[in-house]
Undergrad: 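Can you keep this structure in mind? I'll have questions shortly.
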There are 2 protein chains.
Amino acid sequence: MTDAPLIAGVELGGTKINCILARGPDAIAEEVQIPTTSPEQTLAAIEAVLERWRGFAALGIASFGPISIDRSSEHYGHITATPKPDWANTDVARRLARQTAVPTGFHTDVVGAALAEARWGAAAGLADLAYVTVGTGIGVGLIAGGKPLDGLTHSELGHIRVARVAGDAWPGVCPFHGDCLEGLASGPAIAARAGKPAQMLSSEDPAWDGVAHALGQLLHTLVLTGVPRRIVMGGGVMVGTAHLFPRVRAAMTASLAGYVSLDEVAQADTYIVPPGLGDRAGPLGAIVLGEQALHGGSPS
Amino acid sequence: MTDAPLIAGVELGGTKINCILARGPDAIAEEVQIPTTSPEQTLAAIEAVLERWRGFAALGIASFGPISIDRSSEHYGHITATPKPDWANTDVARRLARQTAVPTGFHTDVVGAALAEARWGAAAGLADLAYVTVGTGIGVGLIAGGKPLDGLTHSELGHIRVARVAGDAWPGVCPFHGDCLEGLASGPAIAARAGKPAQMLSSEDPAWDGVAHALGQLLHTLVLTGVPRRIVMGGGVMVGTAHLFPRVRAAMTASLAGYVSLDEVAQADTYIVPPGLGDRAGPLGAIVLGEQALHGGSPS
């Protein structure tokens, strides 16, 4: 671990920024948290931290989305069409790459978390995996062959359409789609339906049936992409809701209905797992993004 | 084109095998068709053709599925759990690679078609695309960064679950899932519902509404993967059913509901397109798989 290069990581969240200087989970030199306020104030605070840390070999940035990851685009490195006030069309990665002048990686927070789980966590050693976060929104990070899967843009599979439980016509809360996956199974969806936060719902509450049914279809879809050898599920709705794991595993298995006959998928207890790194997956994901930029040799 | 290496391609279909010796679409040296009978008889006939052609630089095989593409598995190169009589667990790629002793590529027929369309067809020059076939079944080939997207296995996204048209409870025909996408929108599904083949249905037939609605959700899901810069749609249901293209484009746009604000997707007429190579995409896909094996340097 001490031979690993020193990397600076920045995890941009909607309410706070985690800055981390580390060689890996067992060699963290320093961590700094910054509140997310206006883009200019926040980025200036990040720049001050990075200036103080100068000497690191690469920078990784794991951001809330949507973001532009198309290096051929003038918008590369920007947070794009976010509803978060003042943050739409904000350059993050090119600005910080210019300041630090080191190879800079940039991707979504869920792709970062997936990379960290693949490196040090619940999917250690696997080159093909998915990380799903179920919280304020539903996000999916997909890794194939050790690299973030993308082409035109990054995954937004939290917004897939789903078949409904028979007889259930609750309209969902997604402002775009109503009853897409996020509109049915995110934290705000559960709270809207049940009248209280997911963390306060009894495991017997009938609201969980629709949540598990919808999440099972995301897992069904992820299996059918052919990519993941394991799916790590985190986020505020999954963490601390232990009864939900057996339910989503059962919903996936019922939904696939024997169509995919692979041992990995059949062993649902080891196919669908909680994070190994807990809330460290985010900042450590930024470290892996920095490492990949260093080894890929592609400064922003 | 004449500088390109001479490649042998084998497209394995359920009813016939296309063998092709070519440098590309404008330099086809020979083509041979073989009926698909028993595995032993069929493979021996393919071997006889390849023996006669000896001297080619690489071999590409594009096969009906499901197949094993995991090179670390003892089953690599096999057709696996197909319901096709006698073909389950049939070694194809390792057998033909042993015989020919050249670098051998092996993937699904839809991935082959996607690669051919990306090389010479309707997605020429694009490294990130999807090819969807809607026929006897619904198959999806995904290419990211110029390479087939896979990890654990290949895509089976034709079997995603879909939201139903309000009030429609027709049960679908998929033996595994009933009303999954393939169960609602494949050729046999349309024929079962309408009482006659898709090709004989009037464009006003109400059966098309459910078909377009379901296919629109596949396109929605493919957009949300973040991968394709274009989606090519072929197969017996799409080809010759010109009115279906505007319908599936409109269904995709309605389903996304403005969530993805990318120019490429907004221009649905150039995002969702028919094949440029028509029925040549299959055998030419095998040629590209052979080329990739040659340049990747990984004999089976």
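So that the names make sense, note that chain A is the first sequence line, chain B the second, and so on, each numbered from 1. For clarity, every value in this text was computed on a predicted model and none was experimentally measured.
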Undergrad: Which heavy-atom pair separates Val162(B) from Ala163(A) by the least distance, and what is that distance?
TA: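 What the structure gives for the nearest pair is O-CB, 3.4 Å.
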Undergrad: For Ser261(A), which atoms come within 4.5 Å of any heavy atom of chain B: side chain, backbone, both, or neither?
TA: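 Contact with chain B involves the side chain of Ser261(A) alone.
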Undergrad: Can you check side chain to side chain contact (heavy atoms under 4.5 Å, CB included) on Thr225(A) and Leu142(B), steps first, answer last?
TA: CA-CA 9 Å; Thr225(A) 64; Leu142(B) 271 167; 5.5 Å; no
Undergrad: Which bit of Ala130(A) is near chain B, if near means a heavy-atom gap under 4.5 Å: side chain, backbone, both or neither?
TA: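 For Ala130(A), no heavy atom lies under 4.5 Å from chain B.
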Undergrad: Counting only heavy atoms closer than 4.5 Å, note whether Val140(A) contacts chain B via side chain, backbone, both or neither.
TA: neither
Undergrad: Quick one: pull up CG in Leu157(B) and CG in Leu222(A) and give me the separation to the nearest 0.5 Å.
TA: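 Going from CG on Leu157(B) over to CG on Leu222(A), the span is 9.5 Å.
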Undergrad: Is chain A contacted by the side chain of Val265(B), its backbone, both, or neither, given a heavy-atom distance below 4.5 Å?
TA: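 Just the side chain, heavy atoms under 4.5 Å.
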Undergrad: By side chain to side chain contact (heavy atoms under 4.5 Å, CB included), which residues pair with Thr136(A), not counting sequence neighbours?
TA: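 Testing Thr136(A) for side chain to side chain contact (heavy atoms under 4.5 Å, CB included), a comparison that skips the adjacent residues, returns Pro188(A).
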Undergrad: Please identify, among Leu256(B), Ile69(B), Leu126(B), Leu129(B), the residue contributing the most non-hydrogen atom pairs under 4.5 Å to chain A.
TA: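 So the answer, after comparing Leu256(B), Ile69(B), Leu126(B), Leu129(B), is Leu256(B).
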Undergrad: To the nearest 0.5 Å, what is the distance between OG1 (Thr153(A)) and CG (Leu262(B))?
TA: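 Thr153(A) OG1 to Leu262(B) CG: 5.5 Å, rounded to 0.5 Å.
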Undergrad: Going by ring pair (Phe, Tyr, Trp, His ring centres under 6.0 Å), name the residues that satisfy it together with Tyr259(A), two or more places apart in sequence or in a different chain.
TA: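 Once residues adjacent in sequence are excluded, the partners of Tyr259(A) under the ring pair (Phe, Tyr, Trp, His ring centres under 6.0 Å) criterion are His159(B), Phe176(B), His177(B).
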Undergrad: Counting only N and O atoms by type, is there a donor-acceptor contact under 3.5 Å from the side chain of Arg161(A) to the main-chain atoms of His220(B)?
TA: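 Checking the backbone N and O of His220(B) against the side chain of Arg161(A), no donor-acceptor pair under 3.5 Å is found.
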Undergrad: Let me know if Asp263(B) has heavy atoms under 4.5 Å from chain A in its side chain, its backbone, both or neither.
TA: neither
Undergrad: As an exercise: rank Pro175(A), Gly158(A), Cys180(A), Ser255(A) by heavy-atom pairs under 4.5 Å with chain B and give me the winner.
TA: Ser255(A)
Undergrad: Check step by step if side chain to side chain contact (heavy atoms under 4.5 Å, CB included) holds for Leu152(A) and Glu264(B).
TA: CA-CA 9 Å; Leu152(A) 180 62; Glu264(B) 290 88 342; 3.5 Å; yes
Undergrad: Within the structure provided, determine whether Val227(A) and Leu149(B) are in side-chain contact (heavy-atom separation under 4.5 Å).
TA: yes
Undergrad: Minimum heavy-atom separation for Thr221(B) to Thr221(A), with atom names?
TA: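 Thr221(B) and Thr221(A) have their closest heavy atoms at CG2-CG2, 3.9 Å.
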